[in-house]
Structures are given as structure tokens and as C-alpha cells.
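Each remark here refers to the structure printed beneath this line.
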Amino acid sequence: MNRLNTRPLIKKCRQINQIKPHQQPQIPSNVASNQLIDSLSKSGRIDEARQLFDKMPERDEFTWNTMVAGYARLGRLNEAQKIFDETPIQSSVAWSLLISGYSRNGCGTEAFALYWKMQVKGLRPTQYTLGSVLRACSNTAELLKGEQIHAHVVNTRFDDNVFVVTGLIDMYAKCERILEAEYLFMKVSDKKNHVLWSAMVTGYSQNGDGLRAIECFRDMRGEDVGTNQFTFPSVLTACAAMSAHVFGRQVHCCIIQSGFGVNVFVNSALVDMYAKCGDLHGAKRLLEDMEVDDVVAWNSLIVSYVRQGYGDEAESLFKKMHSRGMKIDNFTYPSVLNSFSFTADVRNAKHIHCLIVKSGFEDYIIIGNALVDMYAKGGCLSSAFRVFHSMPECDVVSWTSLITGYAHHGSHVEALNLFSNMRTANIHPDQFIIASIFSSSAELTILAFGRQVHGNFIKSGLGSSLSVDNSLVTMYAKCGCLEEAHQVFDLMLLRNVVSWTALIVGYAQNGKGRESLLLYDRMIVSGTRPDYVTFVGLLFACSHAGLLKDGFRFFESMDNVYGISPGAEHYACMIDLLGRSGKISEAKDLLNKMTIKPDATLWKALLAACRMHGDIELAEMAAKNLFKLEPENAMPYVLLSNIYSSSSKWDDAERIRSLMKSKGVTKEPGCSWMEVNGKMQSFMAEDRNHPRMEEIYSKVEEIMIKIKKAGYVPDTNYSLHDMDKEAKERGLAYHSEKLAVAYGLLSLPSGAPIRIFKNLRVCGDCHTAIKFVSSVFQRRIILRDANCFHHFNEGLCSCGDYW
DNA sequence: CTAGGGTTAG
């Protein structure tokens, strides 16, 4: 290119911005035309540039290249390709331009193909070619290609070229290979320039290591390599991620000194940093002082307003964007919609949904995902489902939003079915969805399914996360697998209060209250602060282990030491604890001192206590409240009637039974179920529908004979109907839990524990019988009933015969 | 003419 006397050209370029859209610029000399084409295309007026190009009598290599560059930059790749194909001299510059265009517009495959085609044509790559093609390898899926290019870099002796090494560092960092990036950075022997430094800062920041990013930036400042507008946004992102407000302010000072404070990118990064550090006023001031209304900065502030609980501010900012006639992009809508997810305000969100449809943003995947999430969180599962199905394309986030929506509203079976559909659709799970699936498996206590998902997750090679591990601990604990729960807990590199609480509750539910308390001590030593749920678990542990003194100690400490005021759940545990210890009057006192409204669980605990220790007046009160709170529940009728009977108040007992009948309340039939070879087997009392019925019944006979020899005496008090002793015994023998035990012995290998679930509390006779089975047949049997877990082993039960 | 930056749903 002719570089002589460029001054008038520069002047000409400066004038470009004053050219009115349809005013035809006068055709100057060849060199000046090239400059003009470049300037026009850079200000987005590529079609005018093309007119000029078409009129040029004579075009040089530079002319052609500038045209390719113009189209490539705007993503008009077909036109770029066409010009390239017509270019008389396809130099390596032209190739690089085209490759760069494909790379930066998400056409990595084409860029990569072109790169090799260029080699075949016998053109050697330049630093620019390598830099451009590396960009096409900058995501984890393309790491292998990136490594291939790295090898080619070494072969072509570009491995000490700072420009190329910067591209490599960036590629490795974006492929989540920060160690490789770091190694290459350290190996640069020449003086490192600020672009190289910035790439490293960005790398750390994008790999979630905000601290290293900040340190790297600090080291860079010590090296006196200068800065440009690219240097600051990455370190500001790191400050935002770390909530490093003070350091962020210092960076702000550097920015002002450097003179880059007017750059839009730098400014929007500053707004984001202040907002994420909690300085919303500072962020807003900066936003208002910006010379241009930048949509990114506005989006950023909206996100922070929503996250910090100022949905109204977010909405008013959104409205202001409209009134200022600002461009609204595909990031704006998800940010605003998120505010409605928080408040579950579906009605108001519908306006935004309409706007999205009207402005043609409906088909953006991130907007569809935000809509699905918003509707799902707001409980409008049908709307969520409709949006989900209307989406042209779904990813793992869309599925997760829908699935967690179902799970949050208690439809766990539906959630797991959807997860299976997702796998069939060949969408790969990530940590978010896995955590949600473990939680649903825990709620449904389907261990085998949860285990399979766990196994696949390990095989997938995805790293674990705090929520994955926490939900996994919960799942194993809720399924009665304390060893596994503890194993997962021990392997965790990072734990929070949820992890500790999951295990504390797990031990408590499985009848190991004392272990819960020991864990709590360890948790305090580790410096973790207990929360509301931790105390529910602890008090539950105390009540089930009969630890009255500890219970009161914890109950008092929660408010006194941790400032957590007790809720209905805590009171229910305390009432249960007092009831079990026979301290009915204390329970009554506590009830009267309560500042909150008693809930159903609390009345149930009280009623159960009354049954054991017979306080008719209190029992009547509890039952009456339960009739109102849970009119479908047979339990208060049955218990109250039993309490009357045991005090020989036959008339009252009969009155309650007929009341129950007249209200149409029926006792839920007992049902036990278990998972065998991935299939759910369920049994009702005296069930005769099972395909292996005969085998099961003869196994029950065998069990009865063997345990009677060991000393078991059937307790016919638990039989319901009035019949002769033998018939009573027979009825007892075919209780659903006994059928399940027999089936377990028949179908599970001899070393495997038998895990059974029952919808009601286990009956007293079954409890005794299963204790015998555990010693006579040398089996661990784990029975989860409506109230807690029973771990039967060697003739004993973990509940200490108190449930 | 061509590397490197800011907002992003679960």
C-alpha cells in the first residue's frame, strides 16, 4: 500500500462521519477510495461502500481485502465469501480475513476447514491466520482442534510470537484449561505486552478465579506495560464476582487516570462492578452519567436490582429504557422476567410476555428459558409447559426450569418422567439438573433410581458442586443409607450449613439422635453457623432419642445465641419431646407460651403424647383442631377414640367412630413398597394380587415358624377385628410390611439389606416380628414408616422401640 | 484488512 502523504486521507476519513446517508461521495483516487470503503464499512454503511467498490475503475489487493473485511465484520459471510472468491490475488491476508469472519460469527467448522484449505493451497499461515483460527476453537467442545492448531503453531515456529501465544492462552482459558494457559504465559520470555497480560487476567476471571485475576492485574500494573480499553473490563468482572468493592474503586481511579473512562465497554463494566458489589446508588449514578445509553450497562443494573430484591426499581428502569427509545435486546427480557420469578407475580409478567411476542424476541432460547422459569416458579405449570413446547430449540436450562418447577410444586414423579424424556432427547445433564433430580429421588425415596443417576453423573466426568453433594447427602440419608450419605459428606471439599444439616437430619431420622448431636458439635467447631433448619433437625434428634435436657439447651440457644426465633416445627419437636418424656403439663405450658399459631404437626405431636399418657381434655382440644386443619385425616379420630377406650369411656369412643363414619373419613389402608431390580413392588395387607403370591405366602409361614422357635409371640392386641385368636394371628401375619419382608428374603441376594417403605406407622407386632427376622435370618432390614426409619439388625431396632 | 473486553436464564 502506498503510505506516502496519508495526511489528507486521514482528514478525509474524519469527514466520513459527516456524510449524509444517501449523499454520494465523490470518487477520489484509488488509495483514498480504499480508505473511504474501510471507513464506510466500519460505520456500518457497507452497502454504500459496495457501490463505491463497484464504481472503482481499478481495484488493488487492498480494495478487495477491505471489502471482504467489511462484509465479514458484519457477519454477512455469504457476501464476504463471494468477494473473496472473486479476488484476483488471494493472499494470506484475504484468507485470514475470511477465516476471522467465520470464526467470530460462530461458524467455527467453516473457519477451521478454510484454514486447512489455505495450507493445501500452499500458503503459510501468518500470526493473524493463527489468531483468527484459534478463536474458532475457543470453547470446550473444540479443545482438540485448538490443540491441533497449537501443534501447528510449534511446527511453524510461531510459538515465540507474542501475538499467537496470546491467542493460544485465550483459547486454553476459554476451554477451561487455565493451567495450560498459565504455563504458556509463564513461558513467554520476551517482555510481555499489555494484551498478553489482559488475556491472562480475562482467563482467570472467566474460569471463576477472581482472586488470581485481581493478583494478575496487580502484577501487570507493577510491570509498567501500559493499558488500553481492553485491560479494564476483565479485572472489573473479577472484582464484581469477588464483591471486591475497595479494589474495584481503585481500578476505577486507574481508569480515570488512563483516560479510558469514556469508553462504553469500560463504563458498563464499572456499572456492573458497583452494582454487583451492592453499591446500587453508585452504579445508577455512573449509568446516568454515561454519554451513550448502553443497553449492556442497563441490563446489568436491572439484574443487580432484581438480585438484591428491588424488583420495582428494575421494572422502572425497564420502563425508562422504553421511554428513552433505547434498543432492548435479548438479555434485557430475561433480566426483567427474573424479577417476576422472585415475586411469583405471573399476572404482571404476562405484559412482558406480550411485549416479547410483539417485538419478535419469542424465539430466543434464553428468553424462552426465562419465561419457562418464571411461569414454573409462579406455579403456572401449564403455561410453563406451553412455552417450553413452543420453543424452537431447547437446552438443558429449559428442561431444568421446567423440571424444577414440577419438583417445587410437589410433582416429583412428573419431574423424574420429564428427566427421562430429556435424556431420550439426548440433552446432557449438568450439575443443576442433577441436584434437582437427587432431591426428587430423595422425596420419593427411590434409591435405585437415584443411584443410577449418581453413577451416570460420576461417569459423565462433570465435576461435582456444592448443591449436587448436598442433595446427594440428603438423598442417601432419606433413603436410609447413612454410610453412603456420610461417605459423600466426607469427600466434599467444601461444605456449608446445608451439608451439615442434611447429615444431622439424616442421623436423626434414622434413629441415631446422639450422632446428630456429635455432628452438630463438629459443625460448630468448623465455624459453620446453624440455621432454622439445623435446629429442626437437632430438636427432632432430641425428641426421637428422648434427650430432654439437650433439647431444651438447643431450644433456648437458638434464640439467645443465634437470634433465630422458633417456628411451628421447633415447637412441634419440643411438644413431642415433652410428650414422650411424660411431661404433659410442661407441654401444655409451652403451648400456652407460644407466640405463633400452632400447626397440624404440633397438634399431632400433642395428641400422640396424650395417647401415651392419657390427658383426655388436652386430647380433645388437639383432635378438634386437627378436625378443622386436616378434615380428611383419619388419625385424630382413631387416636381420640382409642384414648376414650383406654379410659373405658366406651360411649365417647363409639361417638367419635360414628362421627368419623358420618363425615366419610376412612382410614388409609396400610401399604408397603420396595424397589427390587429397579422395579417397584407394593403390598397391601392380605394382598393376593402379586404374581409370586404363593411363594410369598409360604415364605411368611416359614418365617412365622422360625421366629416363633426363637421366642416370638404374636401380639394380637394389634389386630383390628374381633375374631378368634388363630384368625387374629393369621391377619397379623399378612400385614403389608410382613409380606414385603418375605418378598425381600425371597428375591434379594443374601448379603443385601432389605429396604421397605410404609405409608403408615409400623404396627407393634410387625416391629417385634421384624426384629426377630433380623436375627434369625441374619438380615439388615430398613423400614421407613410414616414417622421415622427403623434399622433392624441382630434382633434390635435403631428406634429403641419408641416410635 | 486481520488477536484481547462488558450484561446472560436453571
Side-chain angles (χ1 to χ4, degrees), chain A residues 1 34 37-38 41-42 61-70 72-73 91-101 103-104 126-132 134-135 161-171 173 193-203 205-206 228-237 240 263-273 275-276 294-304 329-335 337-338 341 364-374 376-377 395-405 430-433 435-436:
Chain A
M1 160 193 165
N34 290 346
I37 288 174
D38 191 36
S41 74
K42 271 184 183 156
E61 189 190 333
F62 190 91
T63 321
W64 288 94
N65 288 350
T66 310
M67 222 39 236
V68 174
R73 198 167 25 236
S91 69
S92 60
V93 174
W95 281 93
S96 302
L97 283 167
L98 199 61
I99 291 171
S100 163
S103 288
R104 56 167 72 224
T126 65
Q127 57 176 3
Y128 293 109
T129 334
L130 289 161
S132 297
L134 277 170
R135 200 186 164 112
N161 177 302
V162 180
F163 191 103
V164 173
V165 172
T166 305
L168 281 171
I169 287 176
D170 193 58
M171 181 274 291
N193 66 22
H194 63 259
V195 181
L196 188 68
W197 278 98
S198 300
M200 203 59 224
V201 173
T202 311
S205 175
Q206 287 173 347
N228 66 5
Q229 70 273 33
F230 292 103
T231 320
F232 299 106
S234 325
V235 70
L236 286 171
T237 313
N263 179 281
V264 186
F265 278 69
V266 173
N267 259 304
S268 61
L270 272 171
V271 169
D272 188 56
M273 184 274 293
K276 287 223 172 85
D294 179 52
V295 64
V296 174
W298 284 68
N299 290 348
S300 185
L301 190 54
I302 288 178
V303 168
S304 281
D329 70 4
N330 50 337
F331 285 114
T332 317
Y333 286 113
S335 313
L337 284 171
N338 207 1
S341 307
Y364 280 85
I365 191 161
I366 67 169
I367 290 175
N369 288 349
L371 281 168
V372 172
D373 183 54
M374 186 272 298
K377 284 216 176 96
D395 63 8
V396 65
V397 179
S398 340
W399 285 93
T400 310
S401 303
L402 192 65
I403 290 173
T404 49
D430 65 6
Q431 286 97 336
F432 282 92
I433 185 69
S436 169

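Throughout, a chain's letter reflects where its sequence line sits, starting with A, and its residues are numbered from 1. Since we're looking at a predicted model, the values are computed, not measured.
- Side-chain N/O atoms of A:Asn228 and base N/O atoms of B:dG5 include no donor-acceptor pair closer than 3.5 Å.
- Rounding to whole angstrom units, CG of residue A:Leu134 and P of B:dA3 are separated by 11 Å.
- Atom CG of A:Asp430 is separated from atom C1' of B:dA9 by 12 Å (rounded to the nearest Å).
- Regarding A:Ile367, its CD1 atom lies at a distance of 10 Å from the C1' atom of B:dA9, rounded to whole Å.
- To the nearest angstrom, C1' of B:dT2 lies 5 Å from CG of A:Leu97.
- Contacts of A:Thr202 with the nucleic acid, taken as non-hydrogen atoms under 4.0 Å apart, involve only primed sugar atoms and P, OP1 or OP2.
- For the pair A:Arg73 CZ and B:dA3 P, the computed distance is 10 Å after rounding to whole Å.
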What verdict does the side chain to side chain contact (heavy atoms under 4.5 Å, CB included) test give for A:Val162 and A:Val165, after you've listed the backbone C-alpha separation in whole Å, the side-chain angles of each residue and the deciding distance to 0.1 Å?
CA-CA 5 Å; A:Val162 180; A:Val165 172; 5.7 Å; no
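- By the criterion of a centre-to-centre distance under 5.5 Å and near-parallel planes under 30°, the ring of A:Phe432 forms a stack with the base of B:dG10.
- At a cut-off of 3.5 angstrom, counting only N and O atoms as typed in the model, there is no donor on one side facing an acceptor on the other between the side-chain of A:Ser401 and the base of B:dG10.
- The nearest whole Å value for the distance from the CD atom in A:Glu61 to the C1' atom in B:dC1 is 10 Å.
- Side chain of A:Pro233, nearest nucleotide from B:dG5, B:dC1, B:dT7: B:dG5.
- Here A:Lys377 does not reach the OP1 or OP2 of B:dA9: none of its side-chain N or O atoms lies under 4.0 Å away.
- One can place CZ of A:Phe163 at 7 Å from C1' of B:dT2, the figure rounded to the nearest angstrom.
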With side chain to side chain contact (heavy atoms under 4.5 Å, CB included) as the criterion, how do A:Leu236 and A:Asp272 come out once you've worked through the C-alpha distance, each side chain's angles and the decisive distance to 0.1 Å?
CA-CA 8 Å; A:Leu236 286 171; A:Asp272 188 56; over 6 Å; no
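- In this structure, A:Val396 reaches the bases: a heavy-atom distance under 4.0 Å links it to at least one base atom across the strands shown.
- Contact between the side-chain N/O atoms of A:Asn369 and the OP1/OP2 oxygens of B:dT8 is not found at any separation under 4.0 Å.
- Of the listed nucleotides (B:dT7, B:dG5, B:dA9), B:dA9 has the atom at the smallest distance from the side chain of A:Asn338.
- Put simply, A:Tyr128 rests on the base of B:dT2: the two rings are less than 5.5 Å apart at their centres and nearly parallel, under 30°.
- Neither OP1 nor OP2 of B:dC1 sits under 4.0 Å from any side-chain N or O of A:Thr66.
- Distance from the side chain of A:Ile366 is smallest to B:dA9 among B:dG5, B:dA9, B:dG10.
- Of the candidate nucleotides B:dT2, B:dT8, B:dA3, B:dT8 has the atom lying nearest to any side-chain atom of A:Val303.
- Closest to the side chain of A:Val93, from the set B:dG5, B:dC1, B:dG10, is B:dC1.
- Among the atoms of the strands shown, only primed sugar atoms or phosphate atoms (P, OP1, OP2) are found under 4.0 Å from some heavy atom of A:Gln206.
- Side-chain N or O atoms of A:Thr332 include one that pairs as donor or acceptor with a backbone N or O of A:Asp329 at under 3.5 Å.
- Of the side-chain N and O atoms in A:Arg104, none sit less than 4.0 angstrom from OP1 or OP2 of B:dT2.
- Side-chain atoms of A:Asn263 lie closest to B:dG5 of the nucleotides B:dA9, B:dT7, B:dG5.
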Take A:Phe163 and A:Tyr128 through the test ring pair (Phe, Tyr, Trp, His ring centres under 6.0 Å) and record every step on the way to the result.
CA-CA 8 Å; A:Phe163 191 103; A:Tyr128 293 109; 5.0 Å; yes
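- Scored by the side chain to side chain contact (heavy atoms under 4.5 Å, CB included) test, A:Leu402 finds A:Val372, A:Ala384, A:Phe385, A:Phe388, A:Tyr406, A:Leu418 as partners (sequence neighbours excluded).
- Taking the ring-ring contact (aromatic ring centres under 6.0 Å, His included) definition, one finds that A:Trp298 meets it with nothing, sequence neighbours left out.
- Here B:dC1 presents its P atom at 15 Å from CD of A:Gln127, a figure rounded to the nearest Å.
- A:Asn338 contributes no side-chain N or O that, together with a main-chain N or O of A:Ser341, makes up a donor-acceptor pair within less than 3.5 Å.
- For the OP1/OP2 pair of B:dA3 and a distance below 4.0 Å, the side-chain nitrogens and oxygens of A:Ser100 include at least one atom meeting the criterion.
- Relative to the side chain of A:Ser96, the nucleotides B:dT8, B:dT2, B:dG5 differ in distance, and B:dT2 lies closest.
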